[in-house]
Amino acid sequence: MRKDKDYHLIEPTWCKGCGIYGVFAALKKVAAKLDLNPEQLVLVTGIGCHGRLNNYFRSYGFHALHGRTLPVASGIKLSNPSLSVLGVSGDGDAYSIGLGHFIHSLRRNINITYLVVDNRIYALTQGQTSPTSETGFVSVSTPYGSRELSLNGPKLALASGGSFIARGFSGDPKQLSTLIEKGMKHEGFALVEVLSPCVIHNKVNTYQWFKKNIYNLDDDSDYDPRDKKKAWKKLSQETKIPVGLIYVEKRPSYEDLVFRKEAEPIVSDDLRVDVPRLEKIMEKFR
Ligand SMILES: Cc1ncc(C[n+]2csc(CCOP(=O)(O)OP(=O)(O)O)c2C)c(N)n1
């Protein structure tokens, strides 16, 4: 049986107190609990402070371009479906430059677990306002306060056809590891957004702030994460932020539909390309 420390490759150099240490701890815990072979695991990260994670975690890794975590993770998974593929992005990587990929991955439902480490700021570039920063947020890029509405990732995920939507808090690595484990066992695309303080650049959304403003859906026995309408209602609440398993739905993964042996062909025989006929046509233009 492997242990958490077996996935600890080198000591991280993130700022002291950064929320991402909780994400690193949760990931190691899940990998050890599932006894995952590091050679069967691929961690794809984007550009940002979160992007260092694959340097510290023992597994295969790919540090992708900014916003391109999901296309790289999708390519790896589809070319070798036997691998466990995890994507890790920041709120900027996922919801700003990478937003198109986010929506298409949700509707496609490829078997990937996607962690979005949401510190509500662009941290690596020294603290600019991000899509999840609240209206009025003051930073070096919005010195008079942001004039934009903030983006709700899990709500967008639900509207985009997400089949597994969860939100954790890096201050609670135990619950976070349970959510990641469920996401990894889910057949299809699993989003786990992680509320995560940046202790250097974001002086608003601190550990205390998050603790005061979140509530745990996993403690509510009346809440059924299979109920889409309820999930939408919870995600639409403006006052407190729900964490826990928000929505889960059973639907075939992309791989299931595409690679299954008995999969129905999408085009009929007469619509398939007739290669000899095509060659003949091309010959005329040579
Ligand atoms: C194409 C491109 N545009 C902009 C940048 C500059 N850049 C680097 S990291 C980053 C934002 C990082 O924010 P986030 O994704 O939230 O990650 P964090 O640092 O907070 O973990 C930006 C804009 C870049 N590297 N590449």
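Below, all heavy atoms of this structure are taken into account, side chains as well, without hydrogens, waters or symmetry copies. Atoms within a ligand are numbered from 1 in the order they appear, just like the ligands themselves.
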Numbering the atoms of ligand 1 from 1, which are under 4.0 Å from a heavy atom of [X]?
| X | value |
| --- | --- |
| D91 | 16 (O) |
| I97 | 1 (C) |
| N119 | 20 (O) |
| C49 | 18 (P), 19 (O), 21 (O) |
| I121 | 16 (O), 20 (O) |

For atom 7 (N) of ligand 1, what is the closest protein heavy atom, and at what distance to 0.1 Å?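 Of the protein heavy atoms, T125 CG2, 3.5 Å lies nearest.
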
How close does the nearest protein non-hydrogen atom get to atom 5 (C) of ligand 1, and which residue and atom is it?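 Here the closest protein heavy atom is H66 CD2, 3.8 Å.
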
Minimum heavy-atom separation for Q128 to I121, with atom names? O-CG1, 3.2 Å

Please answer whether the main-chain N or O of [Y] pairs with a side-chain N or O of [X] as donor and acceptor at a distance below 3.5 Å.
| X | Y | answer |
| --- | --- | --- |
| Y247 | K155 | no |
| Y223 | D218 | no |
| D93 | G48 | no |

Carboxylate-amine/guanidinium contact K229 D227, below 4.0 Å: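 Salt bridge between K229 and D227, a charged N being under 4.0 Å from a carboxylate O: no.
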
Tell me which one of [options] gets a heavy atom nearest to [atom].
| atom | options | value |
| --- | --- | --- |
| atom 14 (P) of ligand 1 | S89, G92, S96 | G92 |
| atom 21 (O) of ligand 1 | R68, R120, H50 | H50 |
| atom 12 (C) of ligand 1 | D93, I20, I47 | I47 |

Is the F169 ring parallel, tilted or perpendicular to the F210 ring (thresholds 30°, 60°)?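 F169 and F210: tilted rings.
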
Look at the aromatic rings of F164 and H186 and report parallel, tilted or perpendicular, splitting at 30° and 60°. tilted

